[in-house]
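Please read the structure below before turning to the comments.
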Number of protein chains: 2
Amino acid sequence: MHSLTEENYLKAIYRLSQKGLDKITPTALAEEMSINAASVVDMIRKLSDKKLINYDKQKGAKLTAQGNKIALDIVRKHRLWEVFLLEKLGYSWDVVHEIAEQLEHIKHEELADRLDKFLGYPEYDPHGDPIPNAKGEIPSIANTLLSEIEVGKTCQVTAVKDTSAVFLQYLEQLSIKIGTKIKVLEKIPFDASMAVQIEKDVKTTVSKKFAESLFVS
Amino acid sequence: MHSLTEENYLKAIYRLSQKGLDKITPTALAEEMSINAASVVDMIRKLSDKKLINYDKQKGAKLTAQGNKIALDIVRKHRLWEVFLLEKLGYSWDVVHEIAEQLEHIKHEELADRLDKFLGYPEYDPHGDPIPNAKGEIPSIANTLLSEIEVGKTCQVTAVKDTSAVFLQYLEQLSIKIGTKIKVLEKIPFDASMAVQIEKDVKTTVSKKFAESLFVS
DNA sequence: TAAATAAATTAGATAGCCCTAATTTAATTC
DNA sequence: GAATTAAATTAGGGCTATCTAATTTATTTA
Ligand SMILES: [Mn+2]
Ligand SMILES: [Mn+2]
Ligand SMILES: [Mn+2]
Ligand SMILES: [Mn+2]
């Protein structure tokens with residue numbers, strides 16, 4: 001059996017590889033997990049011994065089929081619990097993550113599937129991230145950023161790239177949620193900020209950082 | 001902050017004091033938690049230092065007001081999660097306990113209250129145990145055993161004293177659940193077993209051990 | 001390429017929670 | 001009351017996951 005800590009490492013490796021990192025180094029993992037690189041090296045050895053990852057100084061760390069299965073299962077549970085917390089318990093989307101971080105480690109054979117059924121087989125979590133199904137298949141992922149949309153075009157929010165509480169609260173304040181329509185009115189060359197119109201009413205200007213933190217389609 | 005392990009100790013002390021033990025000794029706790037007495041002594045010191053219990057060689061271990069509050073909170077969460085697992089996820093009453101044993105340690109300020117509301121403020125868990133409310137008040141507890149019911153009388157199951165999976169599965173097999181009516185037909189002096197009638201139909205004989213494992217009213 | 005910097009690894013510790021074995025203290029029993 | 005048995009405690013470790021400080025190995029940069 002694998003520990004909560006091992007699960008968190010596997011999930012972090014999964015996350016980094018999803019991010020498109022070519023090489024997952026101890027330093028990158030240490031940064032990602034806010035942990036010391038020396039500790040990471042220890043755990044890399046442990047996970048390698050357990051055949052959950054392959055580690056190679058040249059290629060970095062890679063999940064094995066087995067490791068990937070575990071990581072995907074944790075991600076599935078994490079996102080399902082987030083849906084539960086938001087839809088059933090009425091939590092807001094800037095708090096569900098930290099609680100799901102604990103809930104994802106609850107172990108019981110049928111738990112994910114039962115939760116999935118109870119929630120009506122949701123495809124995306126509250127932040128727009130895709131939920132792997134029971135077979136480990138993942139719905140397609142958004143990859144266009146708001147910053148890439150041309151002036152005059154209207155797009156629709158599909159997911160948040162940055163899931164920090166501060167950003168989510170700011171979105172809340174602007175009444176932006178998954179599905180919200182945003183029209184790009186102007187791009188300011190000076191600092192790459194954007195003038196946008198949110199749904200019908202509100203016009204505002206958002207920063208480059210902001211425009212690079214929202215996925216749209 | 002207190003750890004998962006500390007919470008389990010506090011809960012065990014709470015459980016033993018509810019059982020009416022006059023003196024909670026290291027040995028009793030060790031037995032209750034399937035742990036070595038030497039380990040218990042370590043933790044008793046730790047919990048004493050944290051003022052969560054008072055320990056006295058003469059009087060044994062006693063929860064302080066603060067310790068009691070934590071224990072009660074864990075018990076509340078445990079029982080609420082059991083209701084959730086049974087009613088919302090469709091688990092049977094012989095499995096909910098082990099999963100709730102993990103879920104009870106999920107930490108978030110409003111979690112218990114939100115769950116409570118979502119479940120419709122249940123008063124009892126699937127085994128008939130009372131659920132402390134937000135103020136820490138506990139509904140009255142069943143204390144009459146089936147074995148104490150006189151011949152000819154009919155009673156109703158209010159709770160199970162033994163919550164082991166084997167017992168719960170046996171009850172399932174006999175179609176006995178919380179609320180089931182049982183009539184005592186005969187008491188056999190030889191081994192203190194009892195002939196009973198379950199609801200209208202089924203007549204069967206149950207052992208002394210069985211009759212002392214069911215609470216009725 | 002040699003020097004400087006950065007990354008990876010090793011060495012050595014610590015904290016939490018558990019164990020076995022030995023010892024001390026208390027409770028029984030003869 | 002002395003001997004025996006049981007309970008509580010101490011001593012000494014083990015394992016996991018973390019850290020800091022040193023060292024080794026790679027990568028940059030001048
Ligand atoms: Mn999340
Ligand atoms: Mn986690
Ligand atoms: Mn239970
Ligand atoms: Mn527990």
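Below, chains carry the letters A, B, ... as their sequence lines are ordered, and counting in each starts from 1.
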Residue-phosphate contact under 4.0 Å: [X] side-chain N/O, [N] OP1/OP2:
X        : N       : value
Ser3(B)  : dC17(C) : yes
Ser39(B) : dC19(C) : yes
Tyr9(B)  : dG16(C) : no
Arg45(A) : dT10(C) : yes

Q | Distance-minimising heavy-atom pair for Ser48(B) and Tyr55(B) | A | OG-CB, 3.8 Å

Of the options [options], whose atoms approach the side-chain atoms of [X] most closely?
X        : options                   : result
Lys57(A) : dT9(C), dC17(C), dC19(C)  : dT9(C)
Ala38(A) : dT9(D), dT18(D), dT20(D)  : dT20(D)
Ile35(A) : dC19(C), dT9(D), dT18(D)  : dT18(D)
Val41(A) : dT10(D), dT10(C), dC17(C) : dT10(C)

Q: Please tell me which of Asn36(A) and Lys23(A) maps to the more 5' nucleotide of DNA chain D, matching each residue to the nucleotide holding its nearest heavy atom.
A: Asn36(A)

Distance check needed: [N] [atom2] versus [X] [atom1], whole Å only.
X        : N       : atom1 : atom2 : answer
Asp42(B) : dA15(C) : CG    : C1'   : 13 Å
Glu6(A)  : dT18(D) : CD    : P     : 10 Å
Asp49(B) : dC17(C) : CG    : P     : 13 Å

Q: Determine the interplanar angle of the His127(B) and Trp93(B) rings, folded into 0 to 90°, and report it as parallel if under 30°, tilted if 30 to 60°, perpendicular if over 60°.
A: parallel

Q) For DNA chain C, whose closest nucleotide is more 5', that of Gln58(B) or that of Ile44(A)? A) Ile44(A)

**Q.** Aromatic ring proximity Phe84(B)/Phe84(A), centre distance under 6.0 Å
**A.** yes

Q: Determine, step by step, whether His78(B) and Asp125(B) satisfy the side chain to side chain donor-acceptor pair (under 3.5 Å) criterion, reporting the C-alpha distance in whole Å, the side-chain angles of both residues, the deciding distance to 0.1 Å, and the verdict.
A: CA-CA 9 Å; His78(B) 179 101; Asp125(B) 82 5; 5.7 Å; no

